[in-house]
**Student:** 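Okay, handing you the structure first.
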Protein chains: 2
Amino acid sequence: MSKKLNKRQIILDEAAKLFKLKGFGGTSMRDLAGEVGMEAASMYNHIKSKDEILEHLCFHVSDTYIAQLADVEQMSGSNGDKLKQLLRLHINLMLEDGAAVSVANNDWKYLTSGKLEQFKDARKQYEKGFAALIESGIAAGEFRPVNASVALFTILSAVRWVELWYRPGRGVTAQELEDDIMTILLNGLAKN
Amino acid sequence: MSKKLNKRQIILDEAAKLFKLKGFGGTSMRDLAGEVGMEAASMYNHIKSKDEILEHLCFHVSDTYIAQLADVEQMSGSNGDKLKQLLRLHINLMLEDGAAVSVANNDWKYLTSGKLEQFKDARKQYEKGFAALIESGIAAGEFRPVNASVALFTILSAVRWVELWYRPGRGVTAQELEDDIMTILLNGLAKN
DNA sequence: CTATTAAACTAACAAATGTTTGTTATTGCC
DNA sequence: GGCAATAACAAACATTTGTTAGTTTAATAG
């Protein structure tokens, strides 16, 4: 019984890696089975369908992001502090669960119709909360008076390369990474 | 004869839109044919294969980016000016050819083996030139002393949402867009 | 040891895929 | 009008796809 959950988890993990590498459409159940070390048909003892795998990966990520947003929203501190913390959590999920984040970022469009809208809604909810943080920062005079949507997407996108690029042992520690990204987004690249 | 090029172009344009919307793997030749207004088989009078379509779209984008880099490299002016100009061109291509850029960003992994490496090389070349600009800016004391790779990817990614989000008539003009992005990336979100 | 259950396998399925073939309609040119 | 080229079509192709059925092996409980 714990073995069952285990095998299922292996399939999900391996699927995340393969989907990230070759895309959802480019990954066949036989490919995946080969990676897991069993026949394609055997995987159906552990998962319901290929779509279910995708759904699991996507909603695992969106659920985590939304939970993190909720945590930050009830923090005390300046808007700058909250934004910093949210970004930190955001980056951390990428470092810890990069493959799943990659799938949620790139392959969500293959979700079947019901789940697709559900996922879009979740994303919109996250963006809304994030934007609200920026807007109150602007209103409080903490942030520059830029268009909040533009700032939102610039920041959220700025951070997306992490899961594509980061590998421990590339000469940049996770801490330096976070710090440099934060520096650029909050203080800019130019000196003054 | 000019009609032929025309139909081919229609297929390529429509393919870019569909690939952006549903992904390369999620778009069948019959889907595409439906959008173009002919039978799938008929398209083969104008194109060689589905892969050729993808190649055309990807390399059209990478070629343009590399040409823009070359232009900027032989500009005169500060590193800040050059970076600004390169970013402007970068953003502009997204606004003018958003669907193709989207395909080059998201579906390049479906390129067949020879072309895949070629595309990766082109991308690396662009990134290298871009990074060199940042590095000399740091060396000249114009930019903050952050890790150049981190800055590079933060900036390149920061700009990627444009093709997903921007639609004329969303209340933000292309000019405001460019300006706000540039402000955030160069001067940061925080008011010192 | 035996009975039961879980999880693996082989084989096959129907549907969808990219593409080829052979043929018909349309077009531009003398 | 007649000819050659272009571009459309319908039908079929060989594969590959996700998935199911049926069966066999391995693990567990009594």
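Lettering of chains follows the sequences in order, A, B, ..., and the numbering in each one begins at 1. Because only heavy atoms are used, hydrogens play no part in the values below, and waters and symmetry mates are left out as well, while side chains stay in.
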**Student:** Can you see whether B:Trp161 has A:Arg160 sitting over its ring - NZ or CZ less than 6.0 Å from the centre and within 45° of the normal?
**Tutor:**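 No cation-pi geometry.
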**Student:** Which letter, B, S or -, goes with each nucleotide of nucleotides 22-27 of chain D from 5' to 3', with contact meaning a protein heavy atom under 4.0 Å?
**Tutor:** ------
**Student:** Provide, to the nearest angstrom, the distance between the CG atom belonging to B:Asn45 and the P atom belonging to D:dT6.
**Tutor:**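 The answer, rounded to whole Å, is 10 Å.
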**Student:** Starting from the 5' end of DNA chain C, give me the residue, A:Arg30 or A:Met43, whose nearest nucleotide shows up first.
**Tutor:** A:Met43
**Student:** What is the distance, rounded to the nearest whole Å, between atom NE2 of B:His46 and atom P of D:dA8?
**Tutor:** 4 Å
**Student:** Within the supplied structure, the quantity of interest is the number of heavy atoms (other residues, nucleotides, ligands) at a distance under 6.0 Å from A:Lys84 NZ; does it exceed 12?
**Tutor:**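 Incorrect, the count does not exceed 12.
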**Student:** If each of B:Ala40 and A:Ala41 is mapped to the nucleotide of DNA chain D with the nearest heavy atom, which maps nearer the 5' terminus, i.e. the 5' end?
**Tutor:**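 The residue whose closest nucleotide sits nearer the 5' end is B:Ala40.
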**Student:** A:Phe24 has an atom CZ; how far is it from atom C1' of D:dT17, in whole Å?
**Tutor:**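 Atom CZ in A:Phe24 sits about 11 Å away from atom C1' in D:dT17.
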**Student:** In terms of ring plane angle, is the pair A:Trp108 and A:Phe119 parallel, tilted or perpendicular, where the classes change at 30° and 60°?
**Tutor:**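 Rings of A:Trp108 and A:Phe119: parallel, as their planes differ by under 30°.
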**Student:** Would you mind reading off the distance between A:Asn6 atom CG and C:dA7 atom C1', rounded to a whole angstrom?
**Tutor:** 14 Å
**Student:** Would you check if B:Lys48 and B:Glu55 make a side-chain contact, meaning some heavy-atom pair closer than 4.5 Å?
**Tutor:** no
**Student:** Using a cut-off of 4.0 Å on non-hydrogen atoms, how would the nucleic acid contact of A:Ser42 be classed: base, sugar-phosphate, or nothing?
**Tutor:** base
**Student:** Starting at atom OH of B:Tyr44, determine the distance to atom P of D:dA10, rounded to an integer number of angstrom.
**Tutor:**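 After rounding, the reported distance stands at 16 Å.
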**Student:** List the residues meeting ring-ring contact (aromatic ring centres under 6.0 Å, His included) with A:Phe24, not counting sequence neighbours, and say none if there are none.
**Tutor:** A:Phe19, A:Tyr110
**Student:** Where the side chain of A:Met29 is concerned, which of C:dT19, C:dA8, D:dG18 is the nearest nucleotide?
**Tutor:** D:dG18
**Student:** Which whole-number value in Å describes the distance from B:Leu32 CG to C:dT19 P?
**Tutor:**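 The distance from CG of B:Leu32 to P of C:dT19 comes to 11 Å, rounded to the nearest Å.
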**Student:** To the nearest angstrom, how far is B:Lys7 atom NZ from C:dT26 atom P?
**Tutor:** 13 Å
**Student:** Scan residues 21-47 of chain B for pairs that pass salt bridge (Lys or Arg N to Asp or Glu O under 4.0 Å), counting only residues two or more places apart or in two chains.
**Tutor:** B:Lys22-B:Asp31
**Student:** Is it the case that A:Asp13 and A:Gln9 place a side-chain donor and acceptor less than 3.5 Å from each other?
**Tutor:** yes
**Student:** To the nearest Å, how far apart are B:Glu39 CD and C:dT23 C1'?
**Tutor:**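 My rounded result for the distance is 15 Å.
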